[in-house]
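Keep in mind the model is a prediction, meaning the values are calculated, not measured. Every chain is numbered from 1, with letters handed out A, B, ... down the list of sequences.
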Amino acid sequence: SQKIEQNSEALNIQEGKTATLTCNYTNYSPAYLQWYRQDPGRGPVFLLLIRENEKEKRKERLKVTFDTTLKQSLFHITASQPADSATYLCALDSNAGNMLTFGGGTRLMVKP
Amino acid sequence: ETGVTQTPRHLVMGMTNKKSLKCEQHLGHNAMYWYKQSAKKPLELMFVYNFKEQTENNSVPSRFSPECPNSSHLFLHLHTLQPEDSALYLCASSPHAQGINEQFFGPGTRLTVL
């Protein structure tokens, strides 16, 4: 069966360090993958999108990689700040029909 | 903030009640979505509308009834819900329901079914 896995345990890191979050999937051939941020009591907010033929995408302190052989995406936040503390969700779409399937999210805690 | 608003933000209802959730987007998008987010579970896509037409019903029970009168408004009518339907219901929109585009989410309605 299709599955998207994100580490359900919270990731705790020190301010200034690089946070790395993982999204693994099985039985998918995603056309693209998206990362969202969700704060408590709020809806997800789009961060980055990466297509199947792209290896890496950057936006300011954010970097996403996409390895279709490993069936994995990594999401990096460099020079992390306490304000980066949130839950980060990955989402896949296999058909470019904007039908997103979400992972369970990983909660990031950045300590000052 | 995102251009997608949802009302009410919180709703408590009994199993015999009928209520409706409302979503409005001010972004000029053509596609709108309903998602359910339960505690400790991933977001689940419920319905997709493209140019007011329903294009996806993700095996949602009939006690949830969506309505999309125009591209800017989306409703979710609720009746005879069960306690396990308690969740955060999120509305989203995107420029199109086809192709590759990001989705813009509203703040959600926190629903509690007693």
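Using a 4.5 Å cut-off between heavy atoms, A:Q6 makes no contact with chain B at all. For B:F104, no part lies under 4.5 angstrom from a heavy atom of chain A. If you measure heavy-atom distances from B:Q103 to chain A, the contacts under 4.5 Å come from both the backbone and the side chain. B:R9 touches chain A through its side chain: at least one heavy atom from C-beta onward sits under 4.5 Å away, while N, CA, C and O do not. Only the side chain of A:L89 comes within contact range of chain B, with heavy atoms under 4.5 Å apart. Both the backbone and the side chain of B:L43 come within less than 4.5 Å of a heavy atom in chain A.
Contacts between residues 25-33 of chain B and chain A, defined by a heavy-atom separation under 4.5 Å, are made by B:Y33.
Scanning all heavy atoms of the two residues, the minimum distance from A:I13 to A:L108 falls at CG1-CD1, 4.1 Å. Scanning both residues, B:V60 and B:M46, for their nearest heavy atoms gives CG2-O, 3.4 Å.
The choice from A:L100, A:D39, A:L49 that makes the most heavy-atom pairs within less than 4.5 Å of chain B is A:L100.
No side-chain N or O of A:N24 forms a donor-acceptor pair with one of A:E5 less than 3.5 Å apart.
Taking the side chain as every heavy atom from C-beta outward, A:L47 and A:L62 approach each other to under 4.5 Å.
The number of heavy-atom neighbours closer than 6.0 Å to NZ of B:K19, taken from other residues, nucleotides and ligands shown, is 12 or below.
A salt bridge is absent between A:D67 and A:K55: the closest approach of a Lys/Arg side-chain nitrogen to an acidic carboxylate oxygen does not fall below 4.0 angstrom. With respect to A:E56 and A:R58, a salt bridge is recorded, a charged nitrogen being found less than 4.0 Å from a carboxylate O.
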I would like to know whether A:F46 and B:F105 meet ring pair (Phe, Tyr, Trp, His ring centres under 6.0 Å); could you show each step before the answer? CA-CA 9 Å; A:F46 172 79; B:F105 284 83; over 10 Å; no
Begin with the C-alpha distance, continue with both residues' side-chain angles, and end with the deciding distance and a verdict on side-chain hydrogen bond (donor to acceptor under 3.5 Å, both in side chains) for A:Y36 and A:Q34. CA-CA 7 Å; A:Y36 287 78; A:Q34 299 185 17; 2.4 Å; yes
